[in-house]
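Structure record follows, encoded as structure tokens.
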Amino acid sequence: MTTKAAYEYHYRWEPGSSRGRFGTVLATALCAACLSLAGLMLLPGLLGYQRYVITSGSMTGTYDRGSIVFDDVVPVSDLHVGDAITYTPPAGSGPSGRITHRIVWIGSDQFGRRALRTQGDANESADPWTFTLDAPTQARVAFHVPYVGYVLSALAIRQARMLLIGLPALLIAFAIVLGFRRDVRKAAMATEARS
């Protein structure tokens with residue numbers, strides 16, 4: 001003889017309203033965006049790539065302002081004309097900080113050392129300086145992601161970081177409170193039904 005349970009309980013979550021569905025879609029989209037951004041920032045570093053945000057328009061058309069370039073560190077002897085590299089221009093040349101430009105000439109300086117000249121893809125002429133690379137390796141562009149650099153630049157601002165951390169925390173707290181209220185309401189309805 002077999003017996004059947006008086007009832008079978010299957011739980012399937014369904015939002016109660018269009019507001020609930022919108023909240024679910026929004027939370028899923030925010031989580032996906034945050035995970036994608038975290039993956040984009042962490043994974044290339046784990047694979048040995050360096051990242052730089054393009055802040056000028058000298059490479060527009062190839063790497064637009066706000067893009068992130070990911071550089072692979074290669075031996076200086078592997079560099080060729082046409083490679084885009086990220087380097088610090090010689091002191092007194094004008095630009096400060098690192099720039100990403102394309103190699104347009106490789107030759108020798110007056111001391112016989114390997115010298116390079118670069119040019120931005122959007123510039124009409126080559127950079128006015130030549131330079132040597134003293135280190136045995138150099139950062140060469142492997143790939144880029146357009147416009148994500150704006151997010152990294154914004155994260156340098158304290159208020160933006162606080163908003164990025166605080167807003168998801170607030171949304172999570174709000175979802176927990178709503179879930180708690182729903183559970184209390186269901187418990188109250190179950191108690192009334194038994195009475």
Side-chain angles (χ1 to χ4, degrees), residues 28-165 167-168:
T28 303
L30 281 172
C31 286
C34 289
L35 286 174
S36 298
L37 185 61
L40 183 64
M41 294 303 103
L42 296 176
L43 287 178
L46 293 174
L47 297 173
Y49 292 101
Q50 299 174 355
R51 69 175 186 265
Y52 303 97
V53 177
I54 301 296
T55 58
S56 75
S58 64
M59 292 294 283
T60 297
T62 307
Y63 313 121
D64 293 332
R65 185 177 291 163
S67 297
I68 299 179
V69 293
F70 292 90
D71 292 356
D72 195 13
V73 178
V74 299
V76 171
S77 59
D78 288 355
L79 296 177
H80 303 288
V81 171
D83 289 342
I85 62 172
T86 302
Y87 70 100
T88 303
S93 61
S96 61
R98 299 178 72 77
I99 63 171
T100 300
H101 278 182
R102 193 169 305 281
I103 298 171
V104 294
W105 175 83
I106 298 177
S108 299
D109 67 4
Q110 68 266 25
F111 304 109
R113 297 178 300 182
R114 185 178 174 139
L116 297 95
R117 177 169 263 174
T118 57
Q119 178 177 343
D121 289 355
N123 296 344
E124 292 182 9
S125 59
D127 298 328
W129 59 85
T130 58
F131 61 97
T132 59
L133 296 171
D134 299 326
T137 58
Q138 173 57 42
R140 178 176 64 188
V141 176
F143 63 97
H144 80 287
V145 179
Y147 310 115
V148 178
Y150 287 124
V151 176
L152 283 184
S153 296
L155 290 177
I157 302 167
R158 183 176 187 270
Q159 291 84 355
R161 279 195 313 271
M162 295 303 290
L163 182 65
L164 188 68
I165 294 167
L167 185 60

Practice task
Assess whether side-chain hydrogen bond (donor to acceptor under 3.5 Å, both in side chains) is satisfied between S58 and N123, documenting all intermediate values.
Solution key: CA-CA 6 Å; S58 64; N123 296 344; 4.7 Å; no
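Here F70 pairs with F143 under the ring pair (Phe, Tyr, Trp, His ring centres under 6.0 Å) rule; sequence neighbours left out. In this view, P95 and P89, S93, I99, W129 satisfy the side-chain contact (heavy atoms from CB on, under 4.5 Å) rule, not counting sequence neighbours. Here I157 pairs with Q159, A160 under the side-chain contact (heavy atoms from CB on, under 4.5 Å) rule; sequence neighbours left out.
Counting only residues at least two apart or in different chains, ring pair (Phe, Tyr, Trp, His ring centres under 6.0 Å) contacts with residues 78-104 comprise Y87-F131. Screening residues 59-84 for salt bridge (Lys or Arg N to Asp or Glu O under 4.0 Å) gives D83-R140 as the qualifying pairs, with residues at least two apart or on separate chains. Annotation: salt bridge (Lys or Arg N to Asp or Glu O under 4.0 Å) contacts involving residues 41-52, sequence neighbours excluded, are absent. For residues 84-93, no residue pair satisfies the salt bridge (Lys or Arg N to Asp or Glu O under 4.0 Å) rule, not counting sequence neighbours. The salt bridge (Lys or Arg N to Asp or Glu O under 4.0 Å) contacts involving residues 28-37 comprise nothing, where partners must be two or more places apart or lie in separate chains.
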Donor-acceptor contacts under 3.5 Å from residues 102-110 side chains, at least two apart:
unit_1	atom_1	unit_2	atom_2	d
R102	NE	D121	OD1	3.0
R102	NE	D121	OD2	3.4
R102	NH1	G82	O	2.7
R102	NH2	D121	OD2	2.9
D109	OD1	F111	N	3.0
D109	OD1	G112	N	3.1
D109	OD1	R113	N	2.8
D109	OD2	R113	NE	3.0
D109	OD2	R113	NH2	2.9

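A distance of 6.5 Å separates CZ in R98 from CD in Q50, rounded to the nearest 0.5 Å. Interatomic distance, T100 OG1 to Y52 OH, rounded to the nearest 0.5 Å: 8.0 Å. Atoms OG1 and CD1, on T118 and I85 in that order, are 6.5 Å from each other to the nearest 0.5 Å. Here the OG1 atom belonging to T55 is positioned 10.0 Å from the OH atom belonging to Y150, to the nearest 0.5 angstrom.
Residues R117 and A126 come closest through the heavy atom pair CD-CB, 3.7 Å. Annotation for Q119 and D127: closest pair N-OD2, 3.7 Å, computed over non-hydrogen atoms.
With a 4.5 Å cut-off on side-chain heavy atoms, L79 and R114 count as touching.
Under a 3.5 Å cut-off, the side chain of Q138 and the backbone N or O of T86 do form a donor-acceptor pair.
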